[in-house]
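Before any comments, here is the structure.
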Amino acid sequence: MTAAPVTRIVIVGGGTAGWMTAAALVRVLGSLPGLSVSLVESEAIGTVGVGEATIPQIIGFNRLLGLDEMQFMRETRATYKLGIEFVDWLRPGHAYVHPFGSFGIDMLGIDFQHFWLRGASIGELAPIDAYSIAAMAGKAGRFGWPRPDLPKSPLARLSYAFQFDAGRYARFLRAYAEERGAVRIEGRIVDAVQDGQSGFVTAVRLEDGREVAGQLFIDCSGFRSLLLGQTLGVPFTDWSSWLPCDCAVAIPCELGGEDVPLTRSTARPAGWQWRIPLQHRIGNGHVFSSAHVSREAATDLLLAHLDGKPLAEPNHLSFKAGHRARMWEKNVVALGLAAGFLEPLESTSIHLVQSGIARLLALFPDTRFGAVERARFNAETEREYVNIRDFLVLHYRASERDDSDFWRYCRNLAPPDDLAEKLELFRSSGRIVRENNELFTEDSWLSVMLSQGVRPEAWHPAAWMLDEYETRKGLAHIRAVIANTVDQLPSQAQFLAQNGAAISPAERLAA
Ligand SMILES: Cc1cc2nc3c(=O)[nH]c(=O)nc-3n(C[C@H](O)[C@H](O)[C@H](O)COP(=O)(O)OP(=O)(O)OC[C@H]3O[C@@H](n4cnc5c(N)ncnc54)[C@H](O)[C@@H]3O)c2cc1C
């Protein structure tokens, strides 16, 4: 006899993580006989209210839900994102784009960077992002659809994501999930009821005495980590020695400055500032290390670098880089901030929610709550956190900045082992190895390493097969094709209007 499926699911928390989870569960498991998905949240507590930049994987999540992209964009006031522009990270005055999609073309069957490296050695000085359609279109403020059907066009190598209003995204998903049967319960959780023998959570108790019972509990309670951290006592693995930023101050402002489909990250003396342009406003924030700058000075610096009038009071947040040692314990699975946090430098948190949901659905428990599925979930999730951590640390480690204690600390950090190995291999021969299906592709590693001054000593021997003339000609041709293609794309504003994704002037003013 097979074990019965789990059908009574309780989600604790209604931020982005909670409502993404509810939406995905009702979409995928909605026809399971007896399924009930309840979500408990407290308006009095609220959500973190930030989290506006995403990576291309979000498109897969939206497709899973069957969302209409244009409706989604209007409702969440979204813009397109073609990558992240990193300003002053290598040194003050330097800028590059870490684009989505890939660089150049594979020439003679080997990765493009080897030809770029050979070109650089003979004076071809165009930066690597000149060979990315996403970077060039992003800087020019233009947007177009990827064209995988045109393999010879640079548009075949384009990929995109969204920047959206986090509050509106959660409300949008809430409406979606409630329409399909998820039940929202308003109330503050004060306690969890546990089985005396197994320690499994059997219910959460609300302030007014109500109990919400279930078989599987998904902890989306944010930094509090109510069930996984507090009730089950799963310890936190602290990575703050590698990622010392522990605070952020966020503030939206009126539209102003450049209208480009890019998130911007500008390095500051004790951290960095984000700029996320939406259709109706710009999201801004300063992520900083409280050991290196005071909260007041960090706030002043942010306020001095806005492109428009502030639209709210500064929102202060504190955090620690790292994750819970196990994200699935007994019958509790944590997603979102309740599971862990890595600073938003590469916009990975919403993706971590999404990949956690996908992993949970793939390993969905039955009423035995098998140890093997749990172990697999925890191992894969931890690996994903480690990979992202290493990629973030690279940005700090590969900097020439020497202008503050913070940057001196960062550039002298001993990198984690896997990152050290990646850097060594790249420095030796320009090669990048992507292991365990890690989130960031070879192109992403290449982008940050080359743009932040990590220089290989050699390149693939095949790059010598083209002589100097052919190398220069090939590189110039790729740049010209990309430039021509960018010239033919509409501006992002035109694209949004032409495709029914633009909000009305009245909606813009109602920000
Ligand atoms: C400074 C900063 C910038 C960020 N920027 C990005 C970004 O650009 N891109 C990105 O992908 N991610 C970003 N993130 C991360 C992103 O904001 C979160 O991953 C995402 O919002 C998910 O949050 P959450 O739902 O886990 O938690 P929260 O939004 O905190 O939601 C927690 C929920 O739990 C409920 N709750 C808590 N305690 C109780 C209780 N006792 N009883 C009842 N309900 C309770 C709350 O009411 C709330 O509904 C950023 C995070 C920070 C801190």
Side-chain angles (χ1 to χ4, degrees), residues 10-22 38-55 57-58 61 81 84 161-167 169-171 173-174 184-192 204-208 210 212 218-231 245-251 263-265 271-276 278 283-288 298 302 314-321 323-324 327 334-357 388 439:
V10 178
I11 299 168
V12 169
T16 307
W19 285 115
M20 280 177 78
T21 307
S38 315
L39 184 150
V40 187
E41 69 173 316
S42 159
E43 261 168 34
I45 293 176
T47 65
V48 294
V50 282
E52 307 194 313
T54 61
I55 55 176
Q57 284 76 357
I58 186 98
F61 186 74
K81 173 180 171 188
I84 304 178
F162 307 104
Q163 304 168 128
F164 52 58
D165 180 322
Y169 185 54
R171 288 199 289 283
L173 292 181
R174 172 179 164 184
R184 176 182 182 277
I185 299 167
E186 168 63 33
R188 187 190 187 99
I189 297 166
V190 289
D191 203 2
V204 288
R205 191 174 294 129
L206 308 188
E207 211 166 23
D208 60 10
R210 276 178 298 163
V212 182
I218 306 186
D219 186 350
C220 298
S221 62
F223 287 128
R224 288 174 185 79
S225 197
L226 274 187
L227 299 183
L228 193 76
Q230 292 184 23
T231 305
C245 287
D246 59 352
C247 287
V249 50
I251 191 165
T263 292
R264 183 177 299 149
S265 163
W272 58 277
Q273 178 175 340
W274 80 74
R275 175 189 190 269
I276 305 179
L278 311 181
N284 308 280
H286 183 184
V287 174
F288 59 95
L302 175 66
N315 175 15
H316 291 273
L317 302 127
S318 315
F319 49 79
K320 205 184 273 180
H323 64 88
R324 294 281 154 191
M327 291 74 163
L335 295 172
L337 301 173
F341 183 64
L342 292 168
E343 61 183 73
L345 188 56
E346 285 283 352
S347 320
T348 42
S349 291
I350 292 173
H351 170 75
L352 280 166
V353 175
Q354 175 187 341
S355 65
I357 293 170
I388 294 173
L439 176 61

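Indexing begins at 1, ligand by ligand and atom by atom, following the structure's order.
- For atom 42 (N) of ligand 1, the nearest protein heavy atom (residue, atom name, distance) is I189 N, 2.8 Å.
- Contacts between A250 and ligand 1, counted as non-hydrogen atom pairs separated by less than 4.0 Å, are absent for every part of the residue.
- Close contacts of ligand 1 with I350, meaning ligand atoms under 4.0 Å from a residue heavy atom, involve 10 (C), 11 (O), 12 (N).
- Counting protein heavy atoms only, atom 28 (P) of ligand 1 is closest to V48 N, 3.8 Å.
- Nearest to atom 37 (C) of ligand 1 among the protein's heavy atoms is S221 O, 3.4 Å.
- Nearest heavy atoms, S42 versus G187: CB-O, 3.6 Å.
- Proximity of T54 to ligand 1 is not established, as no heavy-atom distance is less than 4.0 Å.
- Scanning the protein for heavy atoms near atom 53 (C) of ligand 1, the closest one is F341 CZ, 3.7 Å.
- Backbone and side-chain nitrogen or oxygen atoms of P344 are examined, and none is located within less than 3.5 angstrom of a nitrogen or oxygen of ligand 1.
- W274 and E52 form no side-chain donor-acceptor contact under 3.5 Å, judged by distance and modelled atom types alone.
- When each atom of ligand 1 is checked for a heavy atom of C220 under 4.0 Å away, the hits are 32 (C), 33 (C), 34 (O).
- Of all non-hydrogen atoms in G336 and A17, the two that sit nearest each other are CA-CB, 3.9 Å.
- One N or O on the side chain of N284 and one on the backbone of I251 form a donor-acceptor pair closer than 3.5 Å.
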Discussion item. Apply side chain to side chain contact (heavy atoms under 4.5 Å, CB included) to residues R184 and W19 and explain how you reach the verdict.
Written reply: CA-CA 10 Å; R184 176 182 182 277; W19 285 115; 3.9 Å; yes
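- Heavy atoms from both the backbone and the side chain of S349 come within less than 4.0 Å of ligand 1.
- Side-chain contact annotation: Q163 with T263, donor-acceptor N/O pair under 3.5 Å present.
- Every atom of ligand 1 with a heavy atom of A248 under 4.0 Å away is listed here by number and element: 1 (C).
- Of the candidates G222, G15, G46, G14, the one placing a heavy atom closest to atom 46 (C) of ligand 1 is G46.
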Worksheet item: Going through the checks in order, is the side chain to side chain contact (heavy atoms under 4.5 Å, CB included) test met by F162 and L278?
Response: CA-CA 9 Å; F162 307 104; L278 311 181; over 6 Å; no
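- Within the 4.0 Å heavy-atom criterion, the part of R224 lying near ligand 1 is the side chain and not the backbone.
- For ligand 1, the atoms closer than 4.0 angstrom to any heavy atom of G336 are 26 (O).
- A donor-acceptor distance shorter than 3.5 angstrom exists from the side chain of H286 to the backbone of A298, with no hydrogens or angles considered.
- Ranking protein heavy atoms by distance to atom 8 (O) of ligand 1, first place goes to A53 N, 3.2 Å.
- Counting heavy atoms closer than 4.0 Å to ligand 1, residue S42 contributes atoms from both its backbone and its side chain.
- For the pair Q230 (side chain) and S225 (backbone), a donor-acceptor distance under 3.5 Å is absent.
- When non-hydrogen atoms are compared, ligand 1 lies under 4.0 Å from the backbone of E52 (N, CA, C, O) but not from its side chain.
- For the pair R174 and E186, the salt-bridge criterion is not met [side-chain N within less than 4.0 Å of a carboxylate O].
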Practice prompt. Determine, step by step, whether E346 and K81 satisfy the salt bridge (Lys or Arg N to Asp or Glu O under 4.0 Å) criterion, reporting the C-alpha distance in whole Å, the side-chain angles of both residues, the deciding distance to 0.1 Å, and the verdict.
Written response: CA-CA 12 Å; E346 285 283 352; K81 173 180 171 188; over 6 Å; no
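- Contacts with ligand 1 closer than 4.0 Å are made by side-chain heavy atoms of L226 only, the backbone lying farther away.
- Residue contact check: G187 has heavy atoms under 4.0 Å from atoms 42 (N), 43 (C) of ligand 1.
- No heavy atom of A166 sits closer than 4.0 Å to any atom of ligand 1.
- Between L39 and I185, every side-chain heavy-atom pair lies at or beyond the 4.5 Å cut-off.
- A side-chain donor-acceptor contact under 3.5 Å links T231 to the backbone of L226.
- Atoms of ligand 1 lying under 4.0 Å from any heavy atom of R188, numbered from 1 in the order shown and given with element: 42 (N).
- In this pair, F223 and F319 present their aromatic rings parallel. The plane angle is below 30°, not in the 30 to 60° band.
- The distance from ligand 1 to the heavy atoms of S347 drops below 4.0 Å at these ligand atoms: 9 (N), 11 (O).
- Checking side-chain atoms of D219 against main-chain N and O of A338 turns up no donor-acceptor pair under 3.5 Å.
- Atoms of ligand 1 found under 4.0 Å from any heavy atom of G13 (numbered from 1 in listed order, with element): 33 (C), 34 (O), 35 (C), 49 (O).
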Item to complete: Decide side chain to side chain contact (heavy atoms under 4.5 Å, CB included) for I218 and L335; before the verdict, give the C-alpha distance in whole Å, the side-chain angles of both, and the deciding distance to 0.1 Å.
Response: CA-CA 7 Å; I218 306 186; L335 295 172; 3.8 Å; yes
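- Among protein heavy atoms, atom 45 (C) of ligand 1 sits closest to I45 CD1, 3.9 Å.
- Taking only nitrogen or oxygen atoms, main chain and side chain alike, L337 reaches within less than 3.5 Å of ligand 1.
- With respect to atom 24 (P) of ligand 1, the closest heavy atom belonging to the protein is A17 CB, 3.9 Å.
- For atom 20 (C) of ligand 1, the closest non-hydrogen atom on the protein side is T16 CB, 3.8 Å.
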